[in-house]
2 protein chains.
Amino acid sequence: MISQTAEYALRAVVCLAQNPDKPYTTAEIARWTKVPEHYLSKVLLALAKHEVVFSKKGLHGGYVLAQDPENLPLLNVINAVDPIKHIKSCPLKLKTHGANLCRLHQRVNESIDMMEDLFRTSTVALILSEPTQSIPLRESITQVRA
Amino acid sequence: MISQTAEYALRAVVCLAQNPDKPYTTAEIARWTKVPEHYLSKVLLALAKHEVVFSKKGLHGGYVLAQDPENLPLLNVINAVDPIKHIKSCPLKLKTHGANLCRLHQRVNESIDMMEDLFRTSTVALILSEPTQSIPLRESITQVRA
DNA sequence: CATGCAAAGGATAAACATATCCTTTTATCT
DNA sequence: AGATAAAAGGATATGTTTATCCTTTGCATG
């Protein structure tokens, strides 16, 4: 339910977080994340504008995380490229509803709230710290035993 | 986070549920729900194909709910027009990940699961039974006192 | 300060979602 | 049977998201 663009942004940020000091070029991130390079450049632009990443031009330039992964919720990344929008008033524009949503739109909005909460409480650091069989972006060598 | 089409489908079903025996024509539903009539006809077609609604052609025809609102989760409506898709295997197609999602995609998928659960446990009857200030699709006369 | 590297930004294209219109099919009522 | 009502379905248009390409700007180094 998140957009392709948001998924790309998350991958890029996770990539940068693996090596918080090294500046990664668009081309490098594209290779790691398997995101189309030229599209990724737009995504990174948006992340830079929202100060999720910091960019440096020229030789040895590239992108670096602008935030400590501990303090960087996935929500911030998503909102930078494709803001989660809540239902604030009746989509039918019924005058008597206004900001008092009916049960239908309350429910739909509840689902949006839940998503937002989950992404707000999930930091980039958390994604990297909890080990599983699969390491983000990595063709790991972990082998499942039979 | 649900599509416009899914929102339209939910409105249509809620409309039908208000009067489970009366066949509503596309034009009538469009008027109540404020959904573009010709687009709505496609949406209703999909709902009919998935047996969420029953359609009857000709004079006095129209659409009727095919399910008891008590047993009709919003999820069924949504899935009829715009199926919720889970992440089942690594979007990067990393061979070593396969069906073992990394933490990132586990989280993203978790958010999808949560949404699905909410919509699975919310029936159409529930939407109509819990009264609030705003009645679905209706310009109610309830007035907020100052 | 000239050269090369890399991001910034603009213009365009392709794919998909949303929306409109028109014809065909099927049912109902005289 | 003929007329009418309404869904089914096809063709097309508009808008948004995703993707590609090319030029410009800014930085680092020799």
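Note that the structure is predicted; figures quoted are calculated from it, not measured. Proteins come first, then strands; the chains are lettered A, B, ... in the order of their sequence lines, and each starts at number 1.
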Residues from [range] sitting under 4.0 Å of DNA chain D, heavy atoms only?
range: residues 78-86 of chain B; result: none
range: residues 37-52 of chain A; result: A/H38, A/Y39, A/K42
range: residues 7-25 of chain A; result: A/Y8

### Task
Side-chain contact test, heavy atoms from C-beta onward, threshold under 4.5 Å: evaluate it for B/W32 versus B/R138 and give yes or no.
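Contact flag for B/W32/B/R138 side chains = yes.
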
Measure from the side-chain N and O atoms of [X] to the backbone N and O of [Y], and report whether any donor-acceptor pair falls under 3.5 Å.
X: B/E139; Y: A/K95; answer: yes
X: A/R120; Y: A/L75; answer: no
X: B/N100; Y: A/S134; answer: no

### Task
Nearest 0.5 Å please: distance from the CZ atom of B/R107 over to the CZ atom of B/R103.
7.0 Å

### Gap separating the CG atom of B/L72 from the OG atom of B/S122, nearest 0.5 angstrom
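Between atom CG of B/L72 and atom OG of B/S122 there are 11.5 Å.
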
### Message
Could you walk me through whether A/T33 and A/Y8 satisfy the side chain to side chain contact (heavy atoms under 4.5 Å, CB included) test, starting with their C-alpha distance in whole Å, then the side-chain angles of each, then the deciding distance to 0.1 Å, before giving a yes or no?
### Response
CA-CA 8 Å; A/T33 59; A/Y8 289 167; over 6 Å; no

### Task
Decide side chain to side chain contact (heavy atoms under 4.5 Å, CB included) for B/F54 and B/L65; before the verdict, give the C-alpha distance in whole Å, the side-chain angles of both, and the deciding distance to 0.1 Å.
CA-CA 6 Å; B/F54 176 78; B/L65 274 194; over 6 Å; no

### Task
Would you check, one step at a time, whether the test side chain to side chain contact (heavy atoms under 4.5 Å, CB included) holds for B/V35 with B/I29?
CA-CA 8 Å; B/V35 173; B/I29 304 171; over 6 Å; no

#### Entry: Shortest non-hydrogen contact from B/T123 toward B/P69
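Scanning both residues, the minimum pair turns out to be CB-O, 3.5 Å.
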
#### Entry: Contacts of A/C90 that satisfy side-chain contact (heavy atoms from CB on, under 4.5 Å) - sequence neighbours left out
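side-chain contact (heavy atoms from CB on, under 4.5 Å) list for A/C90, sorted by chain: A/L92, A/L94, A/H97.
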
### Query
Sequence neighbours excluded, which residues qualify as salt bridge (Lys or Arg N to Asp or Glu O under 4.0 Å) partners of A/K22?
A/E28

Atom pairs, N/O to N/O, protein against nucleotides 27-30 of chain C, distance under 3.5 Å?
from: C/dC29; atom 1: OP1; to: B/H60; atom 2: ND1; distance (Å): 3.3

## Note on the structure
Contacts satisfying side-chain hydrogen bond (donor to acceptor under 3.5 Å, both in side chains) that involve residues 67-93 of chain A (not counting sequence neighbours) are A/S3-A/D82, A/H86-A/D113, A/H86-A/E116

### Task
Give the angle between the helix axes at the two ends of the helix from C/dC1-D/dG30 to C/dT30-D/dA1, taking five base pairs at each end and rounding to 10°.
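Answer rounded to 10°: the end axes differ by 10°.
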
### Query
Got a sec, which hydrophobics cluster with A/M114, joining ILVMFWY side chains under 4.5 Å apart, including via others?
A/L118, B/M114, B/L118

### Query
What's the verdict on side chain to side chain contact (heavy atoms under 4.5 Å, CB included) for B/V64 and B/K56, showing C-alpha distance, side-chain angles and the deciding distance?
CA-CA 8 Å; B/V64 180; B/K56 210 176 82 176; over 6 Å; no

Return all side-chain donor-acceptor pairs below 3.5 angstrom for residues 36-53 of chain A, not counting sequence neighbours, or 'none' if the list is empty.
from: A/Y39; atom 1: OH; to: A/T5; atom 2: OG1; distance (Å): 2.6
from: A/S41; atom 1: OG; to: A/H38; atom 2: O; distance (Å): 3.2
from: A/H50; atom 1: ND1; to: A/A46; atom 2: O; distance (Å): 3.0
from: A/H50; atom 1: ND1; to: A/A80; atom 2: O; distance (Å): 3.4

### Task
Please find the earliest and latest nucleotides of DNA chain D, in the 5' to 3' direction, that have an atom within less than 4.0 Å of any heavy atom of chain A.
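The contact span of chain A on DNA chain D goes from D/dT18 to D/dT29.
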
### Message
Applying side-chain hydrogen bond (donor to acceptor under 3.5 Å, both in side chains), can you list everything that pairs with A/E110, at least two apart in sequence or on another chain?
### Response
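With neighbours one apart ignored, the set is empty.
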
